[in-house]
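Okay, structure first, notes after.
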Protein chains: 2
Amino acid sequence: MPDGGASGAACSSDDLIELLFFAYRDFVGDPDRILAQYGFGRAHHRVLHFVDRYPGLTIAELLDILRITKQSLNRVLKDLIEQGYIVQRTGTSDRRQRLLFCSGTGATLAAELTRVQARRLARALAMPGGAGGSPESFLLAMIEPDERAAVRRLMARRGQGVGEGVGPVGGEAGDALDGKILGQDAA
Amino acid sequence: MPDGGASGAACSSDDLIELLFFAYRDFVGDPDRILAQYGFGRAHHRVLHFVDRYPGLTIAELLDILRITKQSLNRVLKDLIEQGYIVQRTGTSDRRQRLLFCSGTGATLAAELTRVQARRLARALAMPGGAGGSPESFLLAMIEPDERAAVRRLMARRGQGVGEGVGPVGGEAGDALDGKILGQDAA
DNA sequence: TGAAATATGTCAACGAGGCTGACTTATATC
DNA sequence: GATATAAGTCAGCCTCGTTGACATATTTCA
């Protein structure tokens with residue numbers, strides 16, 4: 001039975017669902033703050049990232065990666081092109097294609113965004129149980145350090161005493177228990 | 001040097017950035033399809049999930065978990081309450097609070113959504129290098145199997161020949177190279 | 001007891017970023 | 001020369017985030 005050894009408990013898929021939510025929330029939070037200063041959003045980030053990393057990408061390839069429509073892509077791509085972060089060249093073998101490249105400015109911004117995300121990842125990998133441990137410990141390490149305690153505390157609440165009320169509500173329509181139920185339209 | 005042993009290559013933070021994107025894309029794609037049948041979206045899912053898992057959650061706690069505004073939460077919470085998936089009770093120790101619980105229907109839907117996500121996770125954990133290997137192999141295992149080859153192919157493209165054009169564009173304003181540059185407003 | 005703080009709900013307006021559908025323009029292919 | 005393909009665009013819609021202002025019930029504290 002592989003348990004990774006380090007700080008992670010046994011992997012429960014149910015716990016991982018939440019950890020993935022928290023890890024991703026904080027993972028995209030870093031670049032979001034930077035992007036806001038440029039008037040860009042997450043959609044711009046994704047485009048800039050993939051164009052930076054795979055120069056010469058075509059529109060069709062980008063659409064396949066991002067899984068969004070041409071119209072959605074075009075809105076953010078247009079911003080990035082007009083503001084000089086991305087440039088297009090016509091394809092040489094197929095002149096219908098538009099090959100996408102980052103400009104110098106674009107590459108600089110992409111690097112800045114990559115830096116903060118890579119920093120979080122590197123920090124997580126460097127933690128005990130980060131690189132070689134369980135997915136659980138890796139994802140926990142990806143969460144903002146200040147928040148980790150709160151997440152642990154929440155997840156420890158699993159199952160036992162709810163604090164206030166009792167267990168889950170039984171009926172579909174709300175059969176009045178000890179706590180008053182604020183129903184759909186009941187007086 | 002910990003390498004996890006199994007199928008993952010050495011962990012590069014830069015690769016992990018992309019793998020996390022692809023893994024998360026497919027991870028939320030599963031429930032999205034189910035939610036659409038109920039006329040719900042991702043925001044409903046998040047609320048339903050946390051209320052199901054932590055019965056008796058207060059509004060304030062939920063806001064802290066989701067990191068959204070009261071108004072945003074209220075819109076989706078209202079849907080879930082009106083349609084009978086979630087019920088509220090007034091708190092007993094503090095009657096200002098509204099404790100949130102899933103109804104039977106709500107718990108059923110939550111379970112259905114959890115099931116597809118847990119299935120993907122369990123499958124990933126069961127793969128060689130899934131539970132005990134590197135984060136890289138775990139994330140790759142989280143990607144939709146049909147898509148894995150495409151992701152690998154894309155990531156293999158890293159660095160070398162672009163296929164069509166040449167390297168990254170140097171100048172800020174677009175100095176005409178061999179491929180014609182379709183500039184901002186140049187004729 | 002009365003004032004202030006707290007938990008929640010709500011109205012209005014706005015922006016980002018998805019979507020569909022329809023249509024145009026270049027270019028390639030047969 | 002007809003047809004298919006890559007890309008761009010217009011219009012309109014939906015979800016889900018935001019801010020700001022304000023109402024109500026309840027608790028806490030001086």
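The chains referred to below are lettered A, B, ... by the order of the sequence lines, with proteins before strands, and numbering in each begins at 1.
- Distance from the side chain of Val76(B) is smallest to dC16(D) among dA7(D), dT18(D), dC16(D).
- One N or O donor and one acceptor, one from the side chain of Gln71(B) and one from the base of dG20(D), sit under 3.5 Å apart.
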Quick one: do Tyr85(B) and Phe40(B) satisfy ring-ring contact (aromatic ring centres under 6.0 Å, His included)? Show the steps, please.
-> CA-CA 12 Å; Tyr85(B) 292 90; Phe40(B) 291 143; 5.3 Å; yes
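- Aromatic ring orientation, Tyr24(A) versus Phe27(A): tilted (interplanar angle from 30° to 60°).
- For the pair Arg75(B) and Lys78(B), nearest-nucleotide mapping onto DNA chain C gives the more 5' position to Lys78(B).
- Between Val51(A) and Leu57(A) the shortest heavy-atom distance is N-CD2, 4.4 Å.
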For nucleotides 25-30 of chain C, 5' to 3', base contacts (B), sugar-phosphate-only contacts (S) and non-contacts (-) with protein non-hydrogen atoms under 4.0 Å give -BBS--
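- Heavy-atom minimum distance, Ile65(B) versus Phe21(A): O-CE2, 3.9 Å.
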Test Arg120(A) against Glu144(A) for salt bridge (charged side-chain N to carboxylate O under 4.0 Å, His left out), laying out the working first.
-> CA-CA 9 Å; Arg120(A) 180 180 295 273; Glu144(A) 187 62 27; 2.6 Å; yes
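- Residues from residues 61-69 of chain B lying near DNA chain D, meaning a heavy-atom separation below 4.0 Å, are Arg67(B), Ile68(B), Thr69(B) in numerical order.
- When the nucleotides dG17(C), dG8(D), dT18(D) are ranked by their closest atom to the side chain of Gln88(A), dG8(D) comes out on top.
- Here the closest non-hydrogen pair linking Leu48(A) and Cys102(A) is CD1-SG, 3.8 Å.
- In terms of position along DNA chain C, the nucleotide closest to Lys70(B) lies nearer the 5' end than the nucleotide closest to the other residue of the pair Lys70(B) and Phe40(A).
- Which of dA7(C), dG17(D), dT9(D) sits closest to the side chain of Ala43(B) comes down to dG17(D).
- Between its opening and closing five pairs, the helix from dT1(C)-dA30(D) to dC30(C)-dG1(D) changes axis direction by 20°, a value rounded to 10 degrees.
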